[in-house]
*Asks:* 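Next up is a structure, given as structure tokens.
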Amino acid sequence: MSSSAAGADALVLIVAAGRGSRFGGEIPKQYRLLGGLPVLTRTLAAFAAALPEARLLVTIHPDDSELYTAAVSALPGTVAARLLPWVAGGATRQTSVRNGLESASSKSQKIVLVHDAARPFASFELISRACAAAREFGAAVPGFAVTDTIKAVDSKGVVTGTPDRASLRAVQTPQAFDYALLLSAHRSAAGLELTDDAAVAEQSGHTVHVFEGDPGNMKITSAGDLEAAERRLIADLPDVRVGQGYDVHAFEPGDHVWLGGVSIPHDRKLLGHSDADVLMHAVTDAIFGALADGDIGSHFPPSDPQWKGAASEIFLAYAADRVRARGGMIAHIDGTVVCERPKVGPHRDAIRARLAEIMKIPVERVAVKATTSERLGFTGREEGIASLAIATVRLPLGA
Ligand code: MG
């Protein structure tokens with residue numbers, strides 16, 4: 001990939017400042033979870049993958065700074081490193097874009113793609129076409145022919161005209177521009193109320209071209225759209241893999257055990273190279289198993305002193321990142337702890353919540369169960385604790 005194909009000269013400006021008044025609910029639509037990740041996270045990830053050298057910038061409502069921080073914390077570190085500090089949006093979309101463009105004016109980008117945070121399905125091909133159109137035309141928007149007949153109506157719902165369908169295009173984002181052209185057009189359009197950046201460029205007398213859009217590049221506006229997006233996401237991950245994990249650690253003198261990232265008071269502790277979190281190790285190995293990607297020992301060799309006493313959440317977070325790096329999702333985790341003591345039941349929900357947090361998946365997708373072995377075997381004699389886990393992972397075809 002050349003540096004321009006990788007977006008080294010591109011700024012991606014994601015507009016996420018809207019409050020989602022059409023959506024309802026407390027959380028603006030761009031921060032709602034889609035397949036366990038905020039919509040904004042998925043949108044950023046799509047552009048980061050298509051343009052691995054582009055700078056990324058998001059305009060947000062200042063009240064949403066915590067939601068924003070949570071959304072970007074789910075991105076890989078290599079993406080976060082390309083993310084410019086967030087910029088406060090304004091009362092209108094136009095002002096939000098202007099604020100974003102102004103804040104990046106000291107940077108060296110040649111082109112800018114302006115995109116709605118609520119469109120998480122922008123494809124690699126669409127983003128590539130947008131970059132090419134920005135370089136060729138200076139101002140271009142993705143559009144596609146409308147197949148429905150469009151009617152103009154008055155305030156009473158009476159039809160006042162039927163535009164010729166052949167001359168109409170439904171227009172989406174990313175809208176693509178020469179950066180200097182769009183910044184200057186926004187400066188001269190200040191105070192107007194224009195609905196998209198193409199209109200801003202038109203207002204300054206620029207010719208705006210239409211390039212091939214993508215009907216699959218849906219905008220999440222309603223709760224129904226979010227459900228449709230969930231179905232779409234699942235349909236895009238048809239390759240279902242199941243992995244198992246098993247682990248054992250022996251007791252030694254101590255006063256607590258780590259199980260699933262939760263410290264449980266006990267009259268012994270578990271012996272191990274790391275924190276000996278037997279449940280988390282089983283879950284981690286189950287994920288590696290579903291990916292056919294080695295095991296916890298091959299990724300984190302016990303011979304390596306840097307893992308001595310390590311918090312096992314490092315291992316689990318890494319395994320979950322390996323799933324996301326292949327474009328997949330963890331659909332479900334089912335873990336079992338086998339011991340006579342300590343009693344796990346009172347800690348079950350805390351463990352589920354902690355595991356879900358580390359994997360960045362909804363807690364509804366994490367089950368934790370416990371059983372004794374009826375005083376039989378090494379667990380029955382309280383010599384140690386065993387754990388089993390099954391991970392169900394969904395991947396795209398060919399991942
Ligand atoms: Mg272990």
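Order of listing sets the numbers, starting from 1, for every ligand and every atom in it. This one's a predicted model, so the numbers in the text were calculated from it and none came from an experiment. The figures that follow rest on heavy atoms only: side chains count, while hydrogens, waters and symmetry mates do not.
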*Asks:* What is the name of the N/O/S atom of D247 that is nearest to the Mg ion (ligand 1)?
*Replies:*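 For D247, the N/O/S atom sitting closest to the Mg ion (ligand 1) is OD2.
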*Asks:* Please table the atom pairs, donor to acceptor, closer than 3.5 Å between any side-chain atom in residues 136-144 and protein atoms at least two apart or in another chain.
*Replies:*
none

*Asks:* Could you tell me whether any N, O or S atom belonging to H249 is less than 2.8 Å from the Mg ion (ligand 1)?
*Replies:*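 Given the 2.8 Å cut-off, H249 counts as a ligand of the Mg ion (ligand 1).
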*Asks:* So F315 and H281, would you call those rings parallel, tilted or perpendicular, with 30° and 60° as cut-offs?
*Replies:*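 Judged by the thresholds at 30° and 60°, the geometry between F315 and H281 is tilted.
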*Asks:* Less than 6.0 Å separating the ring centroids of H206 and F177?
*Replies:*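 Centroid separation for H206 and F177: 6.0 Å or greater.
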*Asks:* Among the N/O/S atoms of H281, which is closest to the Mg ion (ligand 1)? Give the atom name.
*Replies:*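 The nearest such atom is ND1.
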*Asks:* Ignoring hydrogens, what is the shortest heavy-atom contact between A48 and L56? Give both atom names and the distance.
*Replies:*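 It is CB-CD1, 4.2 Å.
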*Asks:* Examine D277 and say whether one of its N/O/S atoms is closer to the Mg ion (ligand 1) than 2.8 Å.
*Replies:*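 No, since none of the N, O or S atoms of D277 sits under 2.8 Å from the Mg ion (ligand 1).
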